[in-house]
Amino acid sequence: MHKVVVSRAQALVSITASGFVDVAGLEAAATDLHAAIRSLEEQAGTHVTLYDLTEVKVFSPVVLELFAAYWNNPAVPFGRRIAVVSISPLVSQQMARVQAGRDTIRVFADRREALGWLLAADTERPS
């Protein structure tokens, strides 16, 4: 199950997932996420994205491979930064492994910290 919320004022797209995410669920979430990004119109591509995975315990290897392929796809308008929030050490490790070595993707245990990093001024170098 997932929910996507858009904040135009912050150019923020937030997706929250819960339960066990299978391939069909990931594909549905990606479709909704892409629609939300497109709804930002001129802000699309300069937006930030928050993945709230605090209700997810583990991802299957197949779903992790799809995440990696998605984050490595140059056709996907990622925006400036992606923050992943997880309280599960396993999910945090899984997401850190598939982040494709990009310094514009970070994994956090705290949602407020993730939002602070996402919305920080562009002059701050993402780390």
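For the atom pair CZ (Phe20) and OG (Ser60), the distance works out to 5.0 Å, reported to the nearest 0.5 Å.
Scanning both residues, Val56 and Ala17, for their nearest heavy atoms gives CG2-O, 3.6 Å. What you find for Ile87 and Ala109 is that their closest heavy atoms are CG2-O, 3.8 Å. Nearest heavy-atom pair, His2 versus Val4, reported as atom, atom and distance to 0.1 Å: CD2-CG2, 4.1 Å. Gln43 approaches Ala11 most closely through the heavy-atom pair NE2-CB, 3.7 Å. Nearest approach of Leu119 to Val48, heavy atoms of both residues: CD2-CG2, 3.9 Å. Scanning both residues, Ala96 and Val107, for their nearest heavy atoms gives N-CG2, 3.9 Å.
One hydrophobic cluster holds both Leu64 and Ile82 under the rule that ILVMFWY side chains link at heavy-atom gaps under 4.5 Å. Tracing side-chain contacts under 4.5 Å through hydrophobic residues (I, L, V, M, F, W, Y), one reaches Ile37 starting from Val6; they form part of the same cluster.
Formation of a donor-acceptor pair under 3.5 Å by the Ser88 side chain with backbone atoms of Lys57 is found in this model. A distance-only check finds a donor-acceptor pair linking the side chain of His47 to the backbone of Gly45 [under 3.5 Å]. Proximity of a side-chain donor or acceptor of Arg8 to a complementary backbone N or O of Ser39 within less than 3.5 Å is detected. With hydrogens and angles disregarded, no donor-acceptor distance shorter than 3.5 Å links the side chain of Arg106 to the backbone of Ala83. In this structure a side-chain-to-backbone donor-acceptor pair under 3.5 Å is present from Gln94 to Phe59.
Ile15 places none of its side-chain heavy atoms less than 4.5 Å from the side chain of Asp32. Counting only heavy atoms from C-beta outward, the side chains of Leu53 and Val21 never approach each other to under 4.5 Å. Under the 4.5 Å side-chain criterion, counting only non-hydrogen atoms from C-beta, Phe67 is not in contact with Val84.
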Residue pair Leu115, Val85: steps toward the side-chain contact (heavy atoms from CB on, under 4.5 Å) verdict:
CA-CA 10 Å; Leu115 283 169; Val85 181; over 6 Å; no
side-chain contact (heavy atoms from CB on, under 4.5 Å) evaluation trace for Arg111 with Leu50:
CA-CA 9 Å; Arg111 185 181 174 96; Leu50 175 71; 3.4 Å; yes
Mind running side-chain contact (heavy atoms from CB on, under 4.5 Å) on Leu118 and Phe108 for me, showing each step along the way?
CA-CA 11 Å; Leu118 280 174; Phe108 297 87; over 6 Å; no
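A side-chain contact (heavy atoms from CB on, under 4.5 Å) with Trp71 is found for one member of Val98, Leu66, Thr104 and no other, namely Val98. Under the side-chain contact (heavy atoms from CB on, under 4.5 Å) rule, Val62 has a single partner from Asp22, Val23, Leu26, which is Val23.
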